[in-house]
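Below is one structure, written out as structure tokens, with a few remarks after it.
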Amino acid sequence: MIRDLTDDEARAALPLKWETPGVVPAWVAEMDYRQAEPITEALVDAVRRGALGYPPHGDDLGAAFSGFAARHWGWEVGPEASMPTGGVMSGIRIALEVLCPPGPVVVPMPCYPPFRDVVAVTGRELVPVPLDPDSDDTRLDLAAVSRSFAAGARTLLLCNPHNPLGHVPSREELAALAALAREYDARVISDEIHAPLVLDGATMFTPYLTVDDRAIVVTSASKTFNMPATHGAQLVLPEPADRERLAAVPIPAQNTWSALGVVAGTVAWRDCDDWLDALRGRLSTQRGLLVDLVADRLPKARMRPLRATYLAWLDLRDHGVADPAAAALAHGVRVAPGHDYQPGLDGHVRVNIATSPDRLEQVVDGLAAAVGTPG
Ligand SMILES: Cc1ncc(COP(=O)(O)O)c(C=O)c1O
């Protein structure tokens with residue numbers, strides 16, 4: 001059911017990820033798998049119909065997302081709550097600019113790097129809440145969040161589930177954050193793009209809006225269904241007042257969505273559950289393989305439990321190389337350097353496991369060669 005791309009197919013399909021000849025790419029978050037057939041069919045059909053005009057308002061997308069949320073998470077959210085946007089990051093930007101109170105923005109670290117950029121672009125001050133790399137778990141530091149709110153921050157950018165830590169916050173963890181947000185009248189923007197990618201055995205995903213009805217969710221089918229080119233995402237805003245404020249934003253200030261994004265997102269949320277099941281099974285197998293390969297070839301590495309996403313976080317500090325990603329490149333393997341996610345953090349890498357078993361083995365071998373362990 002999950003069709004692997006050959007190297008030639010992957011180079012043609014994913015030119016950014018595969019841009020460097022001779023390098024096995026395990027960096028940017030794209031999967032070396034063909035997208036689900038219903039998405040291909042719907043997009044081809046839309047192009048044949050000439051459906052390349054301005055996008056509709058996205059009612060179908062909202063209804064399809066509501067169905068997905070109810071089936072997968074038991075979350076009843078009305079279709080009217082969804083408002084389309086061109087991408088998750090542009091949705092976050094518009095939410096920050098239009099819906100969030102002024103003042104500094106709390107960003108737990110490590111973070112997806114554009115989280116820091118979007119805070120800068122909107123002219124806000126960033127308040128980092130770093131995870132101690134020696135900490136036993138990857139839960140949010142709520143004491144630090146509380147201090148940041150007490151010092152004046154009024155917005156927090158949450159990644160639920162977390163890229164790059166692979167952490168799936170529990171309902172209790174999120175409820176505690178929601179209580180803090182209520183106490184300080186702060187708003188949480190929850191990026192839930194990785195939510196369908198909670199892997200076997202993980203804590204059930206908790207939609208943040210089910211613990212905090214003043215929150216703003218931004219999500220998209222594009223990550224799970226491997227189709228960022230379609231430029232479709234949505235804000236989920238149960239509060240009518242939020243939707244009215246957003247609807248009043250002048251067109252030039254919006255990053256408008258695409259008609260093809262609405263087509264692809266609608267089909268993905270509505271018709272691709274079987275493919276998603278197969279994907280999660282496949283990613284769980286890849287995760288198991290990575291655990292074994294790391295134990296065998298990178299014995300001093302610490303891998304954070306990968307409960308969601310296909311992006312594994314490895315701590316290689318005990319191997320004694322400050323920038324293992326740079327060293328791995330010299331061995332024909334591209335992984336993402338930890339300092340991209342937490343400036344100043346040495347010795348960590350993020351590894352994309354959504355590839356073939358062979359390539360994953362080559363990636364670990366390249367890393368092992370780079371940090372001096374025979375592979
Ligand atoms: C947490 C997170 N948010 C947003 C995005 C990007 O979303 P978009 O391309 O829709 O802006 C990514 C991509 O990997 C991501 O990991």
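When a ligand or atom number is given, it counts from 1 through the structure's own listing order. The first residue in the sequence is number 1, and the count goes up from there.
Listed by first and then second residue, the salt bridge (Lys or Arg N to Asp or Glu O under 4.0 Å) pairs involving residues 178-196 are D185-R214, R187-D242 (not counting sequence neighbours).
Each of A29, G87, V88, M89, Y112, C159, N163, D191, I193, H194, K223 has a non-hydrogen atom positioned under 4.0 Å from some atom of ligand 1.
Salt bridge present: E361 and R297 bring a charged side-chain N and a carboxylate O closer than 4.0 Å.
Through direct or relayed side-chain contacts under 4.5 Å between Ile, Leu, Val, Met, Phe, Trp and Tyr, W27 connects to L16, V28.
From L237, atom CG reaches atom CD of E80 across 11.0 Å, with rounding to the nearest 0.5 Å.
Shown are D365, D7, D4; of these, the salt bridge (charged side-chain N to carboxylate O under 4.0 Å, His left out) with R359 is made only by D7.
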Name each donor-acceptor pair under 3.5 Å that joins a side chain in residues 111-121 to protein atoms two or more places apart or in another chain, with its distance.
{"from": "R116", "atom 1": "NH1", "to": "D340", "atom 2": "O", "distance (Å)": "3.0"}
{"from": "R116", "atom 1": "NH1", "to": "Y341", "atom 2": "O", "distance (Å)": "3.4"}
{"from": "R116", "atom 1": "NH2", "to": "D340", "atom 2": "O", "distance (Å)": "3.0"}

